[in-house]
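Some notes on the structure that comes next.
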Amino acid sequence: MGLTKIAVIGAGLMGSGIAQSLAMGGKEVLLYDSSGKALEKGGAAIRKSLDRFVKSGSLTEAESGEVLQRIRPVHDVWSTVKDAWLVIEAVPESLSLKKLVFEELDRLAPVEAILATNTSELSVTAIAAATERPEKVLGMHWFNPAPVMKLIELVKGEDTAQETIERVQDVSREIGKETVVVKDRQGFVTTRAIAAHMLECMRMYEEQVAEPEDIDKAIRLGLNYPMGPLELADLVGLDTMLFVCEGMAAAYGDRFLAPQSLRKLVEAGHYGRKTGKGFYTYAGQRETSPS
Ligand SMILES: CC(=O)CC(=O)SCCNC(=O)CCNC(=O)[C@H](O)C(C)(C)COP(=O)(O)OP(=O)(O)OC[C@H]1O[C@@H](n2cnc3c(N)ncnc32)[C@H](O)[C@@H]1OP(=O)(O)O
Ligand SMILES: NC(=O)C1=CN([C@@H]2O[C@H](COP(=O)(O)OP(=O)(O)OC[C@H]3O[C@@H](n4cnc5c(N)ncnc54)[C@H](O)[C@@H]3O)[C@@H](O)[C@H]2O)C=CC1
């Protein structure tokens, strides 16, 4: 019996959602986080999301229990990856951190395992170069909330083998997701597009073109987006969006420079929903008052 498991490294906003999506698609998943507290928080987020699926009728209680059974929280990297044919990394958006993690995964994961990064915009090629297996490294860019969003954006690094892309396309299809394949250029397709849109709306917020709720309402109802840009930034995480700005501005120049309002919120520790305050203040569910 070959390698049958899928390992997820990082159990935060995305890692917990990725593990859940895979388990909902019938896959056996091992979930690791360097912080035991974060691993527990990730487990709670998965249970909360599964409850929503049960409430909305998309899952029965029994099916929800089966999904949970397929996700095993693990407390060391080696146990997480030793039986995995696919390892998906979802640690914070820092190139130096991701390179360190990939060096470790390269040492510990089975030699034939594929190593995927969920980076929003960083160089997949640079991350792959931290390993001895660049042909088995790709970007597997999921979207928040991963259990609900249909797309996985696959990013081909300079040396990613076609077989690697095809195997990840297969597993994405098996769990009910659609894929696109893009070149390894900063921001890929989706993050470059969402950043251009989101940052321009943050600048409108700074210029007081309209109240934050009206900027969000205008985009939601006028352009038929499911969420406005400021509430979406609070969902994604302002820390992640600031990391995205740094990478994109370095690659494409000033048009992606982080708006001061974003930088100040992050410097103050206000990351959006995950800390209870971002462009808006949250006490459990969304309150309308801007922060
Ligand atoms: C930064 C990066 O690198 C890349 C990124 O992720 S960019 C961000 C990408 N994500 C987005 O753009 C998200 C945009 N927002 C949305 O699609 C929607 O607002 C949303 C799916 C998040 C929530 O949907 P909504 O209609 O606003 O709210 P809501 O009615 O509560 O949810 C709609 C449905 O999704 C379900 N749902 C929403 N979030 C859920 C979750 N986390 N878990 C389970 N179910 C969820 C709800 O149960 C509901 O199901 P039914 O329609 O069957 O009742
Ligand atoms: N937040 C979003 O909407 C999206 C984020 N992404 C990308 O996904 C990645 C993760 O983002 P989030 O989940 O939002 O971050 P997060 O901060 O919610 O979660 C990151 C997790 O990684 C853990 N971690 C840190 N160092 C680690 C290590 N060395 N080993 C194992 N775990 C470690 C942290 O404890 C934390 O729980 C980033 O690259 C981000 O750009 C991609 C799509 C959407």
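Counting starts at 1 for both ligands and their atoms, in listed order.
K264 and E267 are joined by a salt bridge, as a carboxylate oxygen and a charged side-chain nitrogen come within less than 4.0 angstrom of each other.
Applying the ring-ring contact (aromatic ring centres under 6.0 Å, His included) test to pairs two or more places apart or on separate chains, none has a residue in residues 13-55.
Judged purely by distance below 3.5 Å, without hydrogens or angles, the side chains of S123 and Q186 never pair a donor atom with an acceptor atom.
Hydrophobic cluster membership for L30: V74 (Ile, Leu, Val, Met, Phe, Trp, Tyr linked by side-chain heavy atoms under 4.5 Å, directly or transitively).
A distance-only check finds no donor-acceptor pair linking the side chain of E93 to the backbone of V244 [under 3.5 Å]. A donor-acceptor pair is defined here as one N or O able to donate and one able to accept, closer than 3.5 Å; no such pair exists between the side chain of K98 and the backbone of E89.
A single hydrophobic cluster is seen to contain both V168 and V29, as judged by linkage of ILVMFWY side chains at heavy-atom distances under 4.5 Å, directly or through other members.
When side chains are defined from C-beta on, T131 does not count as touching L105, because their heavy atoms never get closer than 4.5 Å.
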Which pairs of nitrogen or oxygen atoms, taken one from ligand 2 and one from the protein, are under 3.5 angstrom apart?
residue  : atom   : partner : partner atom : Å
ligand 2 : 1 (N)  : V236    : O            : 2.7
ligand 2 : 3 (O)  : N144    : ND2          : 3.0
ligand 2 : 6 (N)  : S120    : OG           : 3.3
ligand 2 : 8 (O)  : N118    : ND2          : 2.8
ligand 2 : 13 (O) : L13     : N            : 3.4
ligand 2 : 13 (O) : M14     : N            : 2.8
ligand 2 : 18 (O) : L13     : N            : 2.9
ligand 2 : 32 (N) : S34     : N            : 3.3
ligand 2 : 35 (O) : D33     : OD1          : 2.7
ligand 2 : 35 (O) : D33     : OD2          : 3.4
ligand 2 : 37 (O) : D33     : OD2          : 2.6
ligand 2 : 39 (O) : V91     : O            : 3.3
ligand 2 : 39 (O) : E93     : OE1          : 2.6
ligand 2 : 39 (O) : K98     : NZ           : 2.7
ligand 2 : 41 (O) : E93     : OE1          : 3.0
ligand 2 : 41 (O) : S120    : OG           : 2.6

Within the protein, flag every N or O under 3.5 Å from an N or O of ligand 1, and note the pair and distance.
residue  : atom   : partner : partner atom : Å
ligand 1 : 3 (O)  : S120    : OG           : 2.7
ligand 1 : 3 (O)  : H141    : NE2          : 2.7
ligand 1 : 6 (O)  : N144    : N            : 3.0
ligand 1 : 10 (N) : N144    : O            : 2.7
ligand 1 : 31 (O) : R52     : NH2          : 2.4
ligand 1 : 39 (N) : R52     : NH1          : 3.3
ligand 1 : 43 (N) : S49     : OG           : 2.6

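Considering all non-hydrogen atoms of both residues, G42 and S16 come closest at O-CB, 3.6 Å.
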